[in-house]
Peer 1: 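Below: one structure in structure tokens.
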Amino acid sequence: MQRLIVDTDLGIDDALALLYLFASAEAQIDAITTVHGNVPVDIATANIFEVLSVAGVETLPEVASGSAEPLSGSRVHATHVHGEDGLGGWTARGRVALGRLSEHSASELIVRLARQSPGEITLLLIGPATNAALALRDDPAGFRALARIVMMGGAVFEPGNVTSTAEFNVYADPEAAKEVISSGVTLTMVGLDVTRRVSLTREVLEGELGGRRDARAEFLRCVARQGFSFYKNISGWEGFYLHDPLAAAVALDRSLVQCRRMKVDIETTGELTRGMTVAERRPWIQGGENAEVCVEVDAAKFLGLFTEPVLRG
Ligand code: BDR
Ligand code: CA
């Protein structure tokens, strides 16, 4: 059983990651924290309760709202990818009521839980790293009581998805990502190098759902339709990448990926390269390795693990 804090900017693939984790017997979600990113933080927080409702979760994890802004620079959202509500328009039919929120902010809750259970909790970052960086700044020792960080973010060998060099979660708060990567906590970077190898297509979705019309099936169709339409417009492909679900799966099962220990840093000042993941790729330069970068993924195994519990419910 893996204990987790999931820090999310709750868009379409974040929702699928949470459905996957709630369906897994391997995951114990101690808390869900929200951050600006795909959508403004208030919408991300409200979306948690939509996903909890769809997932039919009875014992609610602690939910804390986090940072509305990056450490510096302007906010970047991705509503053109995820929809104005982050869920492809799901909430147009009415929102579920907001549940109880933690009295702690996201960053406070991260270090509080880490201190309560040193070495036991994995922080799964599937949005910009702002909350994690604030937690690290406020209580470095508490932050280092985390067992591990699994971060969906970055692109070492692949091009970016916001600019030619930057992946979204890092681009939306490069200073935060830079601080968190060098925090000293064991960090696994699940970047575009592997997440672009796992996707969901309309054909697979409809095949798995069959003719089902229950709320979960309709939710899946709604968030997936948003992903399909974004990629269809830019490339003609009716599919979308399972970035955050793969990071969630890696948090539970490290054997899904092969990693390379590397020295990783983030460019924060480049006019053309702000948010770029800069990893030491010269094999003859050794030292300073601070992250394990996922470079290979067993995509078939991941899709096998993901499809049954998430799509068949
Ligand atoms: C990441 O950015 C967001 O759009 C996704 O939810 C994912 O976390 C992919 O670059
Ligand atoms: Ca995300």
Side-chain angles (χ1 to χ4, degrees), residues 4-21 32-41 43-48 50-51 66-67 70 75-88 90 106 123-132 149-174 176-177 180 188-200 223-224 226-231 233-234 239-251 266 274-277 293-294 297 306 310:
L4 296 167
I5 301 171
V6 185
D7 189 62
T8 170
D9 58 344
L10 225 155
I12 57 174
D13 61 325
D14 305 67
L16 297 182
L18 285 168
L19 289 180
Y20 169 77
L21 290 171
I32 307 176
T33 54
T34 55
V35 67
H36 68 93
N38 293 329
V39 287
V41 70
I43 297 180
T45 304
N47 286 353
I48 289 183
E50 299 290 340
V51 175
S67 186
R75 269 192 284 164
V76 183
H77 296 308
T79 47
H80 60 298
V81 184
H82 298 264
E84 285 300 319
D85 69 349
L87 297 175
W90 173 250
L123 176 61
L124 172 63
L125 297 178
I126 54 175
T130 318
N131 293 332
I149 298 170
V150 176
M151 170 184 175
M152 191 284 128
V156 172
F157 301 98
E158 277 278 309
N161 58 356
V162 186
T163 68
S164 70
T165 56
E167 180 280 330
F168 179 81
N169 288 341
V170 174
Y171 184 77
D173 196 340
V180 168
T188 305
M189 176 173 263
V190 187
L192 299 180
D193 304 291
V194 283
T195 64
R196 278 206 178 110
R197 299 195 211 155
V198 292
S199 57
L200 178 63
V223 297
Q226 176 69 38
F228 298 151
S229 92
F230 173 75
Y231 282 102
N233 282 340
I234 59 170
F240 65 102
Y241 298 114
L242 296 170
H243 303 289
D244 294 343
L246 180 62
V250 170
I266 302 298
R274 181 166 159 80
M276 179 179 182
T277 315
V293 175
C294 298
V297 57
F306 173 82
V310 176

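Count residues from 1 along the sequence. All ligand and atom numbering here is 1-based and tracks the order in the structure.
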Peer 1: Please assess T33 against D7 for the test side chain to side chain donor-acceptor pair (under 3.5 Å), listing each intermediate value before the final yes or no.
Peer 2: CA-CA 5 Å; T33 54; D7 189 62; 2.5 Å; yes
Peer 1: Using a 3.5 Å cut-off on N or O atoms only, is G127 in polar contact with ligand 1?
Peer 2: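 The answer is no, given that G127 and ligand 1 share no N or O pair closer than 3.5 Å.
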Peer 1: Under 3.0 Å from the Ca ion (ligand 2), is there an N/O/S atom belonging to D14?
Peer 2: yes
Peer 1: Answer yes or no: does atom OH of Y171 have more than 12 heavy-atom neighbours from other residues, nucleotides or ligands under 6.0 Å?
Peer 2: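 Atom OH in Y171 is not crowded, with 12 or fewer foreign heavy atoms closer than 6.0 Å.
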Peer 1: In the protein, which heavy atom is nearest to atom 3 (C) of ligand 1, and how far is it?
Peer 2: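 Sorting protein heavy atoms by distance from atom 3 (C) of ligand 1 puts N38 OD1, 3.1 Å first.
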Peer 1: Nearest N/O/S atom of D9 with respect to the Ca ion (ligand 2), by atom name, please.
Peer 2: OD1
Peer 1: Ignoring hydrogens and geometry, is there a side-chain-to-backbone donor-acceptor pair from D244 to A17 under 3.5 Å?
Peer 2: no
Peer 1: Can you list the steps and then say if L10 with V39 is a side chain to side chain contact (heavy atoms under 4.5 Å, CB included)?
Peer 2: CA-CA 7 Å; L10 225 155; V39 287; 5.6 Å; no
Peer 1: Donor-acceptor pair, E158 side chain versus D193 backbone, under 3.5 Å?
Peer 2: no
Peer 1: Using a 4.0 Å cutoff against the non-hydrogen atoms of N161, which atoms of ligand 1 qualify?
Peer 2: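 Those qualifying, in numeric order: 9 (C), 10 (O).
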Peer 1: Give the single entry among L125, D13, D9 that approaches atom 6 (O) of ligand 1 most closely by any heavy atom.
Peer 2: D13
Peer 1: Check the side chains of T130 and H36 for a donor-acceptor pair under 3.5 angstrom, ignoring hydrogens and angles.
Peer 2: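 Side chains of H36 and T130: pair found under 3.5 Å.
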Peer 1: Does the pair V81 and F230 meet the rule for a side chain to side chain contact (heavy atoms under 4.5 Å, CB included), with working shown?
Peer 2: CA-CA 6 Å; V81 184; F230 173 75; 3.8 Å; yes
Peer 1: What atom name does the N, O or S atom of D244 nearest to the Ca ion (ligand 2) carry?
Peer 2: OD2
Peer 1: Under 4.0 Å from a heavy atom of F168: give me the atoms of ligand 1 that qualify, with their elements.
Peer 2: 2 (O), 3 (C), 10 (O)
Peer 1: Any donor-acceptor pair under 3.5 Å linking the side-chain atoms of N38 with those of H82?
Peer 2: yes
Peer 1: Pick one of side chain, backbone, both or neither for how D14 approaches ligand 1, counting any non-hydrogen atom pair under 4.0 Å.
Peer 2: side chain
Peer 1: I need the atoms of ligand 1 closer than 4.0 Å to a non-hydrogen atom of D244, numbered in the order shown.
Peer 2: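 Answer, ordered by atom number: 5 (C), 6 (O), 7 (C), 8 (O).
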Peer 1: Which of the numbered atoms in ligand 1 are below 4.0 angstrom from a heavy atom of E167?
Peer 2: 1 (C), 2 (O), 9 (C), 10 (O)
Peer 1: Taking 4.0 angstrom as the limit and counting only heavy atoms of H243, give me the atoms of ligand 1 inside it, by number and element.
Peer 2: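 Under 4.0 Å from H243, ligand 1 has these atoms: 9 (C).
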Peer 1: When you look at F228 and F240, which way does the ring pair (Phe, Tyr, Trp, His ring centres under 6.0 Å) test go after all the steps?
Peer 2: CA-CA 6 Å; F228 298 151; F240 65 102; 5.7 Å; yes
Peer 1: Distance check below 3.0 Å: does L10 bring an N, O or S atom to the Ca ion (ligand 2)?
Peer 2: no
